[in-house]
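Here's the structure we're looking at; comments come further down.
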Amino acid sequence: MTNYQLGVIGAGNMAEALLRGALAAKVLDARFVLVSDVSPARRDLFTREFKVAAVDDNAAAAACPRLLLAVKPQIMPAVLETVARVINAETLVISIAAGIRTAQIAAQLAGRGRIVRVMPNTPLMAGMGATALAGGAGATPEDLDWTGRLFASCGIAVVVSEREMDAVTAVSGSGPAYFFYLLEAMTAAGQAEGLDEATALQLAIQTCRGAGELLFRTGQKPQAARAKVTSPNGTTQAAIEALDKAGVKDALVAAIRRAAERSRELGS
Ligand SMILES: NC(=O)c1ccc[n+]([C@@H]2O[C@H](COP(=O)([O-])OP(=O)(O)OC[C@H]3O[C@@H](n4cnc5c(N)ncnc54)[C@H](OP(=O)(O)O)[C@@H]3O)[C@@H](O)[C@H]2O)c1
């Protein structure tokens, strides 16, 4: 019997970000977390920064009542082979591996364990992740609630059905890249209009950050917020008309649809 409440396999970037948020929010207690990773440098970092126990023993982590799988998808089959030998029917298995369905995990675990699949995104590393979670075989409402609280310590967490995960992947998983793309364009345009690159980038980043925060805090719909900053015949109206004429909204919808299709292709 282990005293640890949560085992983590894979002490990478996502696990680091998650532990930082969850320990600070006291959703986790470092004394009851056991991390396993192949890399001595990562184990040292977790011991030093988070005061958690860190080992090179996936079976020890898998013996905990809750288990977070945070390795790359291509490593998952080998990790699940070890996990399958150790877990019991009551183990909560949380996977953040992109594109791996709960049915695949359940099959590898020979039906043991209760499975929750999670799709976070990279802003989790800044404590502002958008995470979706879906219950698989045997997952209870309490499992979803606990997992949701864990990820909400680094942003927000919403429960979806697993068939919605491709849409989630397309909207919030790949979403940060759409923002980066927009920022590239805003910066280039600022430069073309005479700003230096650093100033244009600084203004563009803070504008996107502030616009998101404004909607988050006020609960306004984007259309309503846009109407507020668009005076008749003003600069914003001129810009939006140019965007509409170029079909930018349709292009974005098509791009996100394509991302969802690609997610389905990769998962099938
Ligand atoms: N980054 C994202 O935006 C994002 C979003 C959604 C989901 N995810 C998912 O999150 C998961 C983790 O991503 P990440 O960016 O945190 O990856 P990462 O930084 O590469 O972390 C994975 C860690 O696992 C270690 N590892 C490799 N093989 C292992 C084994 N057999 N047993 C134990 N540990 C092992 C790696 O060590 P080595 O480096 O020495 O191999 C590394 O420290 C992935 O499945 C990814 O699909 C990521």
Side-chain angles (χ1 to χ4, degrees), residues 4 6-22 33-50 52-64 67-87 93-102 104-105 108 115-134 136 147-148 150-152 154-158 160 162 164-181 259-260 262-263 266-267:
Y4 294 106
L6 175 70
V8 179
I9 299 182
N13 294 314
M14 294 306 261
E16 181 183 343
L18 185 64
L19 258 59
R20 179 165 288 116
V33 177
L34 177 66
V35 170
S36 173
D37 196 287
V38 288
S39 154
R42 297 302 295 175
R43 294 198 301 270
D44 284 352
L45 178 102
F46 274 58
T47 313
R48 212 174 46 243
E49 285 255 321
F50 302 134
V52 296
V55 293
D56 178 10
D57 182 0
N58 291 347
C64 298
L67 174 63
L68 175 71
L69 301 175
V71 291
K72 293 278 188 216
Q74 61 272 25
I75 310 288
M76 281 285 278
V79 165
L80 286 172
E81 213 180 293
T82 304
V83 172
R85 287 201 296 271
V86 180
I87 63 160
V93 179
I94 303 164
S95 164
I96 64 168
I100 301 193
R101 283 173 285 122
T102 58
Q104 290 169 269
I105 297 172
Q108 280 227 36
I115 302 161
V116 172
R117 176 179 165 195
V118 179
M119 181 70 199
N121 66 3
T122 47
L124 187 103
M125 296 180 203
M128 294 188 67
T131 296
L133 45 135
T147 309
L150 180 65
F151 282 86
C154 305
I156 65 151
V158 297
V160 297
E162 192 164 13
E164 293 173 308
M165 275 295 184
D166 297 306
V168 165
T169 304
V171 172
S172 55
S174 301
Y178 314 150
F179 247 85
F180 303 148
Y181 189 84
R262 187 73 190 123
S263 175
L266 292 171

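Values in this document were obtained by computation on a predicted structure and should not be read as measured data. When a ligand or atom number is given, it counts from 1 through the structure's own listing order.
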### Query
What is the nearest protein non-hydrogen atom to atom 7 (C) of ligand 1, stated with its residue, atom name and distance?
Ile96 O, 3.2 Å
### Query
Are any non-hydrogen side-chain atoms of Val35 and Phe50 less than 4.5 angstrom apart?
no
#### Entry: Heavy-atom pair of closest approach, residues Leu34 and Tyr4
CB-CG, 3.6 Å
### Task
Verify the contact flag for atom 39 (O) of ligand 1, where contact means a protein heavy atom under 4.0 Å away.
no
### Query
Would you say Ala98 and ligand 1 have an N/O pair spaced under 3.5 Å apart?
yes
### Query
So how far is it from Leu69 CG to Leu67 CG, rounded to the nearest 0.5 Å?
4.5 Å
## Note on the structure
atom 3 (O) of ligand 1 sits nearest the protein heavy atom Thr122 CG2, 2.9 Å
### Message
Quick check: do Leu68 and Leu18 have side-chain heavy atoms less than 4.5 Å from each other?
### Response
yes
### Task
Could you tell me whether Met119 and ligand 1 have an N or O pair separated by under 3.5 Å?
no
### Query
Counting heavy atoms only, which of Arg42, Met76, Met14 is nearest atom 13 (O) of ligand 1?
Met14
### Distance, nearest 0.5 Å, that separates OG1 of Thr122 from CE of Met14
7.0 Å
### Query
So, do Arg20 and Glu49 sit near enough that their side-chain heavy atoms are less than 4.5 Å apart?
yes
#### Entry: Min heavy-atom dist Ala70 to ligand 1 below 4.0 Å
yes
### Message
Starting from atom 6 (C) of ligand 1, what is the nearest protein heavy atom, named by residue and atom, and what distance separates them?
### Response
Pro120 O, 3.3 Å
### Message
For ligand 1 and Asn58, I'd like to know whether there is a polar contact (N/O to N/O, distance under 3.5 Å).
### Response
yes
### Query
Between Asp37 and ligand 1, does any nitrogen or oxygen pair lie at a separation below 3.5 Å?
yes
### Query
Backbone or side chain, does any N or O of Asn13 fall under 3.5 Å from an N or O of ligand 1?
yes
### Query
CG/Leu133 to OG1/Thr147 distance, rounded to the nearest 0.5 angstrom?
6.0 Å
### Query
Between the candidates Ile75, Val71, Leu68, which shows the shortest non-hydrogen contact distance to atom 11 (C) of ligand 1?
Val71
### Message
Only heavy atoms of Pro73, strictly under 4.0 Å: list the atoms of ligand 1 that pass.
### Response
44 (C), 45 (O), 47 (O)
### Query
What are the two closest heavy atoms between Gly10 and Ala15, and how far apart are they?
O-CB, 3.2 Å
#### Entry: Pairwise distance CD(Gln104) to CZ(Arg117) - rounded to 0.5 angstrom
8.0 Å
### Task
Please report which non-hydrogen protein atom sits nearest to atom 15 (O) of ligand 1, along with the residue it belongs to and the distance in Å to one decimal place.
Lys72 NZ, 3.4 Å
## Note on the structure
Output for pair (Phe46 CZ, Ser36 OG), nearest 0.5 Å, gives 11.0 Å
### Shortest protein contact, atom 27 (C) of ligand 1 (heavy atom only)
Val38 CG2, 3.8 Å
### Query
Can you tell me the protein heavy atom closest to atom 21 (O) of ligand 1 and the distance?
Gly12 CA, 3.0 Å
